[in-house]
Amino acid sequence: MSLPAVDENWYCEDCDLNFEYCDKPDFLFCPNCGKVLKNDMYQYNLDGLIDSLNNLGKSICENCGEEFDKEYNFCPLCSEKLKKETIPFDIEKDNSVTVDWNGEKALVYDKCVYLSNPHFAVGSIIECISSKNYTDEKLECDFKRIDETLPEKLTYDEAYSIYELNGWGNLVRIEEFISKLSQDILESDQFKPNKKINYIENERFNRILKLREDLYVKLMIIESGINY
């Protein structure tokens, strides 16, 4: 299965000007009128991302504590009016997308992301955002269990480095957050300390991803077996 060709044509809709092979991440606006430059493949990914973010909304019954599809207006259990929750996001002046993450804006898609990976999976971004509560709770639970000081919540980039591994149909499962590696892992021929992610042969996990100097996550990645 072949991937579609990368669209390197950036253009200004207002001036009808084309800027071919515009591969500089900071070349964002038309030098003639100042409007943001467009790209068909970039816009296709952007539209898909926005649609997916809008679909992440949900309806919550504050009386029952249950969650329902975002189209529901009243609770089917108690008939109370449901509270609507949406994912706060913005489309910025440069046509990038930011979301609210730990009370701050986090960049999830822009020209730099597109140029580094034109075939990026929108699903990985959505999985990262929709799994935020679980990821935060898992981090807290794992550190309470080992009775260590709870680290700060993951930044968007740290969390996305986990969920981007979901690409091409692979399934990523977080097994455990840890602050340091055991001696047997450090001494293993499989572990390379200069790498961000290591392949490990273990019954419970097969990857170790380094998030910070004092924070690692053990992952089980189940590969789809599909070759591209």
Side-chain angles (χ1 to χ4, degrees), residues 7 10 12-14 22-31 33-60 67 70 83-143 149-167 172 174 177 196-197 209-217 219:
D7 182 0
W10 297 79
C12 176
E13 289 181 324
D14 288 10
C22 176
D23 57 355
K24 295 180 180 179
D26 56 351
F27 197 131
L28 300 170
F29 303 101
C30 175
C33 71
K35 296 290 181 66
V36 66
L37 298 178
K38 298 292 183 70
N39 171 284
D40 290 341
M41 182 62 75
Y42 181 97
Q43 198 64 38
Y44 174 81
N45 289 338
L46 179 66
D47 292 344
L49 176 58
I50 292 170
D51 287 344
S52 297
L53 287 170
N54 284 326
N55 288 332
L56 280 182
K58 57 188 175 182
S59 300
I60 299 175
E67 296 182 0
K70 67 184 182 68
K83 177 183 176 181
K84 301 291 185 176
E85 274 198 6
T86 59
I87 300 297
F89 72 92
D90 291 301
I91 304 171
E92 306 294 343
K93 178 183 176 182
D94 61 358
N95 225 16
S96 64
V97 178
T98 58
V99 299
D100 180 70
W101 192 274
N102 296 334
E104 298 180 353
K105 277 190 174 183
L107 178 69
V108 301
Y109 189 60
D110 68 351
K111 186 176 180 182
C112 186
V113 173
Y114 170 79
L115 291 175
S116 64
N117 184 11
H119 307 295
F120 92 113
V122 168
S124 296
I125 294 178
I126 299 304
E127 181 73 12
C128 179
I129 295 171
S130 63
S131 301
K132 185 181 188 308
N133 287 340
Y134 166 77
T135 308
D136 290 344
E137 291 169 3
K138 177 65 173 167
L139 178 66
E140 181 178 359
C141 179
D142 286 347
F143 271 73
T149 303
L150 181 65
E152 293 184 0
K153 292 180 179 180
L154 300 188
T155 65
Y156 171 79
D157 288 339
E158 289 170 339
Y160 182 69
S161 68
I162 297 173
Y163 291 100
E164 69 175 335
L165 301 173
N166 264 332
V172 175
I174 297 175
F177 287 102
K196 184 177 181 181
I197 187 168
L209 177 64
K210 182 178 181 180
L211 299 170
R212 303 172 194 160
E213 285 301 322
D214 56 353
L215 183 60
Y216 301 81
V217 60
L219 304 171

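Quantities reported herein were computed from a predicted structural model and do not represent experimental measurements.
Taking the ring-ring contact (aromatic ring centres under 6.0 Å, His included) definition, one finds that F27 meets it with F19, sequence neighbours left out. With sequence neighbours excluded, the residues satisfying side chain to side chain contact (heavy atoms under 4.5 Å, CB included) with K196 are S161, L209. Applying the side chain to side chain contact (heavy atoms under 4.5 Å, CB included) criterion to L49, with sequence neighbours excluded, gives L53, V97, V108, Y109, V122, I125, I126. For N54, the side-chain hydrogen bond (donor to acceptor under 3.5 Å, both in side chains) criterion is met by no residue, not counting sequence neighbours. In this view, E213 and K210 satisfy the salt bridge (charged side-chain N to carboxylate O under 4.0 Å, His left out) rule, not counting sequence neighbours. With sequence neighbours excluded, the residues that form a side-chain hydrogen bond (donor to acceptor under 3.5 Å, both in side chains) with K38 are E13. In this view, Q43 and D47, N95 satisfy the side-chain hydrogen bond (donor to acceptor under 3.5 Å, both in side chains) rule, not counting sequence neighbours. The side-chain hydrogen bond (donor to acceptor under 3.5 Å, both in side chains) search around T135 returns Y163, not counting sequence neighbours. Legend: residues meeting side chain to side chain contact (heavy atoms under 4.5 Å, CB included) with E140, ordered by chain and number and at least two apart, are K144, L150. When the ring-ring contact (aromatic ring centres under 6.0 Å, His included) test is applied to F143, no partner is found at least two apart in sequence or on another chain.
Here salt bridge (charged side-chain N to carboxylate O under 4.0 Å, His left out) pairs that include residues 100-112, with residues two or more places apart or in two chains, are D90-K105, E92-K105. For residues 125-134, the set of pairs meeting the salt bridge (charged side-chain N to carboxylate O under 4.0 Å, His left out) definition, not counting sequence neighbours, comprises K132-D136.
Shown here for L154 and R212, the closest heavy-atom pair between the two residues is CA-NH2, 3.7 Å. Scanning both residues, K24 and L115, for their nearest heavy atoms gives C-CD1, 4.1 Å. Listed here is the closest heavy atom pair of W101 and T155: NE1-C, 3.3 Å. Between G57 and K70, the shortest heavy-atom contact is O-CB, 3.2 Å.
Looking only at atom types and distance, the side chain of D94 has a donor-acceptor partner in the side chain of S96 under 3.5 Å away.
Interatomic distance, OH of Y216 versus CD1 of I197, reported as 13.5 Å (0.5 Å rounding). If you take OG1 on T86 and CG on L56, they are separated by 10.0 Å, rounding to the nearest 0.5 Å. Remark: I87 CD1 to I129 CD1 distance equals 7.0 Å, nearest 0.5 Å. Considering CG of L46 and CG of D51, their distance stands at 9.5 Å, rounded to 0.5 Å. Taken from CG in L211 to CZ in F177, the straight-line distance is 6.5 Å, to the nearest 0.5 Å. Once rounded to the nearest 0.5 Å, the distance linking OH of Y156 with SG of C128 reads 5.0 Å.
The local environment of NZ in K153 is sparse, with at most 12 non-hydrogen atoms from other residues, nucleotides or ligands closer than 6.0 Å.
When atom types are taken as modelled, the side chain of N166 and the backbone of V172 share a donor-acceptor pair closer than 3.5 angstrom.
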Q: Check the pair K84 / S59 against side-chain hydrogen bond (donor to acceptor under 3.5 Å, both in side chains), numbers first and verdict last.
A: CA-CA 5 Å; K84 301 291 185 176; S59 300; 3.0 Å; yes

Q: Go through the steps for I174 and L219 under the test side-chain contact (heavy atoms from CB on, under 4.5 Å), then give the verdict.
A: CA-CA 5 Å; I174 297 175; L219 304 171; 4.0 Å; yes

